[in-house]
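Please read the structure below before turning to the comments.
These values consider heavy atoms only, across backbone and side chains, with no hydrogens, waters or symmetry-generated copies. Each chain gets a letter, A, B and so on, in the order its sequence line appears, and its residues count up from 1.
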Number of protein chains: 2
Amino acid sequence: MIEIATQAGAAAQPRTPLSKARVLDAAVALADEGGVDALSMRRIAQALGVVPMALYKHVANKNELLDGMIDVVIGEIDPPADGADWKTAIRRRVLSARRMLLRHPWASGVIESRMKARANPTLVVMEYLDSMIGIFRGGGFSIDLTHHAMHVMGSRLLGFSQELFEDGAGRDPEPDMPPPEEIAARFPHIAELAMAVAHDDESVVGSGCDDQFEFEFALDLTLDGLERLHGDP
Amino acid sequence: MIEIATQAGAAAQPRTPLSKARVLDAAVALADEGGVDALSMRRIAQALGVVPMALYKHVANKNELLDGMIDVVIGEIDPPADGADWKTAIRRRVLSARRMLLRHPWASGVIESRMKARANPTLVVMEYLDSMIGIFRGGGFSIDLTHHAMHVMGSRLLGFSQELFEDGAGRDPEPDMPPPEEIAARFPHIAELAMAVAHDDESVVGSGCDDQFEFEFALDLTLDGLERLHGDP
DNA sequence: ACCTGAACACCGTTCAAGT
DNA sequence: ACCTGAACACCGTTCAAGT
């Protein structure tokens, strides 16, 4: 009876044994809902009903955990559509990657921080890059142009927007900020642009700026540029 | 005598009173030499010969410190060259920003993390953006095209390379990485590219890839694309 | 042999005690 | 009134003690 009672009590925390996949899934879920700041070894362990040290049996350290989380989300990107020309194949895959990033807003920051830390790309990321290179090569790009294309695309290959600022809506008004009219007077060009954009599409609430449109605009400008270089060498 | 001895002892730590500028300069210097991970309130205080809490008289918290550091390095970017057409004016300024980023490798990460935190851009950053918008407008860009141009340029306006990976040289060989020949077999397109690049310019040691050239290549492809949109609407 | 609690060396920031 | 040391609530990770 004592054993049964103990098992009933243990049923609150999952009985399925810990695995690397379960640790990574818990970490991704935690980051999805609370952002990357809410991600700590202690908190992942708590979510799994496990003592913090138990995690270190499945991931060597936090960096390996982050790499594993990257692999999980990269795996969500659609495989390359076959039969399409290089331009639409690249385009579709990048847009799929962007949808993944919108589901996992923490991912771009984690990927970037792992790059800055001079970490090696994971095998999953290399697989992704290899397949992207293959699309350019299959489209008839020379090795040199493919090399340049990979640099030109850069993080956009993974759906990064490369914008300076995120959507401005829902930002805390800072106390030391001058009032809007003074801002407008000091930065006339920003004010002019903000006015025009706000007036342009009144339908969209918030930023008054269609992120998806701007992303595709920039992506197409880049792909068109590459196509031109590919066409007349 | 005791007072003199005390002053002589105090001469080891700077006697000039603390100011926001001195705090920021110390923080920038610390980040320049040790990276952003070496940056902590406690360590800045130590470098200034001051108790940690003394910093909070000049910066409200660490976020305000980071914003101040951003302002310091943005201030190092050359002012816009007047008399030049829009394209060379933008080009020169972006290249100046890139030189700044190479001097302060931590800056891009700090700027990005402040963006992700949905912080408002500082007045110094807004001044920079306002002047960049002004260059496009002065070059005859319509409001709409200027708006798109600012999105297309994105973080490249501040000299960001937007590359997926930094220079691969000097990276720790990870233990779980397969041997090079297996990598080459699993990722044939990457291998082909790496071989070609390494063979291409044997003069450059390390990555075998000219970062400055690739940056300008991508920048010019973008500016050419904008010029084309500007020219034939 | 395995698991894990306590401990270590940090961190940003608060707060009360001391001058 | 001002300054600051100790303390708080964290963090990733080590390590020895207990089973």
Could you go through residues 23-32 of chain A and list every donor-acceptor pair under 3.5 Å that involves a side-chain atom there, pairing it with any protein atom two or more places apart or in another chain?
unit_1: Asp32(A); atom_1: OD1; unit_2: His104(A); atom_2: ND1; d: 2.7
unit_1: Asp32(A); atom_1: OD1; unit_2: Trp106(A); atom_2: NE1; d: 2.6
unit_1: Asp32(A); atom_1: OD2; unit_2: His104(A); atom_2: ND1; d: 3.1

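- Residues passing the side-chain contact (heavy atoms from CB on, under 4.5 Å) test with Glu33(A), sequence neighbours excluded: none.
- Side-chain polar atoms of Ser155(B) and Gln162(B) form a donor-acceptor pair below 3.5 angstrom.
- For the side chain to side chain donor-acceptor pair (under 3.5 Å) test, residues two or more places apart in sequence or in another chain that qualify with Arg98(A) are Gln212(A).
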**Request:** List the protein contact pattern of nucleotides 4-14 of chain D with one symbol per nucleotide (5' to 3'): B for base contact, S for sugar-phosphate-only contact, - for none; contact means a heavy-atom distance under 4.0 Å.
**Result:** BB-B---BBBB

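- Taking atom P in both dA7(C) and dC8(D), one finds a spacing of 16 Å when rounded to whole Å.
- Partners of Ser113(B) by side chain to side chain donor-acceptor pair (under 3.5 Å), not counting sequence neighbours: none found.
- Heavy atoms of other residues, nucleotides or ligands lying less than 6.0 angstrom from CZ of Arg92(B) number 12 at most.
- Neither side chain, Thr122(A) nor Arg114(A), offers a donor N or O lying under 3.5 Å from an acceptor on the other.
- Distance check, rounded to the nearest 0.5 Å: CG of Leu66(A) to CD1 of Ile111(A) gives 11.0 Å.
- For DNA chain D, the stems formed by at least three consecutive Watson-Crick or G-U pairs, with both atom-pair distances below 3.5 Å, span C:4-8 with D:12-16, C:12-16 with D:4-8.
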